[in-house]
Amino acid sequence: MNDTPEENTPPLDFIRQRVADDVAAGKNDGRVVTRFPPEPNGYLHIGHAKAICLNFGLASEYEGGVCHMRFDDTNPTREDAEYVDSILDDVRWLGWDWGENLFYASDYFDQLYEYALVLIRKGKAFVCDLDHKEMAAHRGTVQEPGRDSPHKSRSVEENLDLFERMRAGEFEEGSRTLRANIDMASDNMVMRDPVIYRIMKVDHHRTGDKWCIYPMYDFTHGLSDSIEKVTHSLCSLEFQVRRPLYDWFIDEVGVECHPQQIEFARLNLTYTVMSKRKLLELVEGGQVEGWDDPRLPTICGLRRRGYTPASIRTFCERIGMARRDNTQEVALLEHGLRDELNRTAERRMGVLRPLKVIIDNYPEGESEELDAINNPEDESAGKRKVPFSRELWIEQTDFMEDPPRKFFRLGIGREVRLRYAYYITCVDVVKDDAGEVVEVHCTYDPETRGGDSPDGRKVKGTIHWVSAQHAVEAQVRVYDHLFMAEDPLQAGEGGDWKENLNPDSLEVLDGCKLEPALGGSVAGDNCQFERHGYFCVDPVDSAPGNLVFNRTASLRDTWARLQKRAGS
RNA sequence: UGCCGAAUGGUGUAAUUGGUAGCACGCCAGAUUCUGAUUCUGGAAGUCGGGGUUCAAGUCCCUGUUCGGCAACCA
């Protein structure tokens, strides 16, 4: 009794279902063409990753399916080639390939101009002399219809002439626009004679000074989809009201290919913000150190933090696809990451907050090497040697003079196991003037070499350690959620959302002691510091002899959770 | 007091289109463990409200409520 394939396949989301239906019905000759259409005016974040994985993923599920990479670069005042490169990098890093299909809406400016002429000749577009303010006044409100522009009834010839002269640069910026001739009384504000072209005497990052009029999004986007023979044009919910306009342009221009726009809910994540504007505010306000700050949900930030492309793709698959507003818990993202890293990351020992341990009965000046397993989840990762000697570093939190119940770690008179090494028993402590324990004296049991005792006695705790004379020093940056509130935008009465910033979102630890195997770490390396979490070498600030690690994610810490619960 | 859209455990997302409310994360408990990790077992927790149709409603109808989007020469 085997499961049928159907039972193993997750159900299709509403978009995939619809595409499957279209293909089954022979629509578009069974072709599937999608596109990812960013504007090159900022950095990609994980919300974009959702759209990227949807568009590229969906296309990849069909024989011959393709996903185009297209830049919606119709507003030269806010766009820049710099962003094009970073966006391309990010999409590639996520693991997607657009092949030959890299396009720019600006590639279509000539064609789009011709399309505009078609509309004018049909009487479906007119040149309007209203300025910004006047146009707004004519537009009406959501509850009241707008009024026709006084120029709406210009002749086709006059419109053709004026539009050509707009293109020739005869008119001032803002003095004239080309508008669609639709309906100023429409319930849908978007249909109230929207602007198609505006005058902008600005160089474009690709077309230079060729144009001084630029097409608007609504006109450009759908027709670009049509030019590229896109079959399914997937976008986020806020474009829903614009679908009638998307369809209107395509129908009125009379192009043969009419892609289907389908909207889905964009991604929100707990403990962070996603809007471009707010991200920019954090970067410019200095609350973070740049677009690639590891606390940001930007793709470059996640990459620097140590997130893997696969974990982000898995996340995008698991969150599903629907039309309702949603806020995903970061915990789901983190879970996928840990799940992957648990399988792939090699284990190392690193002491973040060092406390000196001296093994009184271990000979001075001697050392030995012990075997340590690189990855218990993957035997092929093999073993390594870890040096042991009389003076060690352990974690400050692994010793307590006056331990609470169920504390399995080191305390006076207690015995614990040093991971892969020996059982040690604490016999004494040395304190500084302030009464802080600065040195812990222990004895070790030579019979327990490797971590097992021949007499079968058990120890409850196993702690990590690093030999003091062999330790490699490093800076470790411990990251936590950028905001303290699940929904940072939910600020108190009159409050600023930035008041929800987590003051402890970054803790920089210097003088951390790492096992020597980590000495040659370079950018791109990652590992698990046992009992701490997953870390990666910071690609920007780390250098040989000046190692910097970022904490990608902590391990689940049941003990800390219990402690916290008992404390509060 | 407009138009459009959406409401299923804490968070997401399914339910053969009218027929056993499933899955994942999170949470709780236990077992295992040389990582208080991992793994394993079990548990708590849900159809926005009110009517109606029907043998049968998360699903269909009516009605209410709540939430989101829309008045850039932005995308």
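Just so we're on the same page: letters track the sequence lines, and every chain starts at 1.
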Student: Under 3.5 Å, which N/O atoms of the protein pair with N/O atoms of nucleotides 16-19 of chain B?
Tutor:
none

Student: Among B:rU11, B:rC70, B:rA14, which nucleotide sits nearest the side chain of A:E329?
Tutor: B:rU11
Student: Checking one value: the base orientation of B:rU17, syn if chi is within 90 degrees of 0, otherwise anti.
Tutor: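 Judged by the O4'-C1' to base torsion, B:rU17 sits in syn, the angle falling within 90° of 0.
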Student: Counting side-chain heavy atoms from C-beta on, which of B:rC25, B:rG69, B:rU35 comes nearest to A:A331?
Tutor: B:rC25
Student: Measure from the ring center of A:Y420 to the ring center of A:F388 and say whether it is less than 6.0 Å.
Tutor: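 No, the ring of A:Y420 stays outside the 6.0 Å limit from the ring of A:F388, centre to centre.
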Student: Is there a side-chain polar atom (N or O) of A:R565 under 4.0 Å from OP1 or OP2 of B:rC28?
Tutor: yes
Student: Where the side chain of A:L555 is defined as all heavy atoms beyond and including C-beta, which of B:rG12, B:rG5, B:rU35 is the nearest nucleotide?
Tutor: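 The nucleotide sitting nearest to the side chain is B:rU35.
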Student: Nearest of B:rC4, B:rU35, B:rG26 to any side-chain atom of A:R347?
Tutor: B:rU35
Student: Write down the distance separating the C1' atoms in B:rC74 and B:rG18, rounded off to the nearest Å.
Tutor: 46 Å
Student: Of all the choices, B:rC3, B:rA37, B:rG36, which nucleotide is nearest to the side chain of A:D187 once you look at every atom?
Tutor: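 Of the candidates, B:rC3 comes closest.
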Student: According to the interplanar angle, ranging from 0 to 90°, do the rings of A:F109 and A:H204 count as parallel (below 30°), tilted (30 to 60°) or perpendicular (above 60°)?
Tutor: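 Perpendicular.
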Student: Short question: side chain of A:D73, backbone of A:A105 - any donor-acceptor pair under 3.5 Å?
Tutor: yes
Student: Pick one for B:rA72: is it syn, with its angle within 90° of 0, or anti?
Tutor: syn
Student: Between A:Y217 and A:F239, is the ring centre distance below 6.0 Å?
Tutor: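 For A:Y217 and A:F239, the ring centres are under 6.0 Å apart.
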Student: Which pairs count as side chain to side chain donor-acceptor pair (under 3.5 Å) when at least one residue sits in residues 446-459 of chain A, sequence neighbours excluded?
Tutor: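 Pairs touching residues 446-459 of chain A that pass the test: A:E368-A:R449, A:E415-A:R457, A:Y422-A:R449, A:D445-A:R457, A:S453-A:D455, A:D455-A:R457.
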Student: Quick one: which of B:rC70, B:rG12, B:rA72 gets closest to the side chain of A:R139?
Tutor: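 Selected nucleotide (nearest to the side chain): B:rA72.
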Student: Within the pair A:R531 and B:rG36, is there a side-chain N or O less than 4.0 Å away from OP1 or OP2?
Tutor: yes
Student: May I ask you to evaluate whether A:R277 reaches the phosphate of B:rA75, defined as a side-chain N or O under 4.0 Å from OP1 or OP2?
Tutor: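 No, A:R277 has no side-chain N/O under 4.0 Å of OP1/OP2 on B:rA75.
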Student: Taking side chain to side chain donor-acceptor pair (under 3.5 Å) as the cut-off, I'd like each qualifying pair that reaches into residues 34-52 of chain A, sequence neighbours left out, listed once.
Tutor: A:R35-A:H221, A:R35-A:S233, A:E39-A:N41, A:E39-A:R78, A:N41-A:K276, A:Y43-A:E82
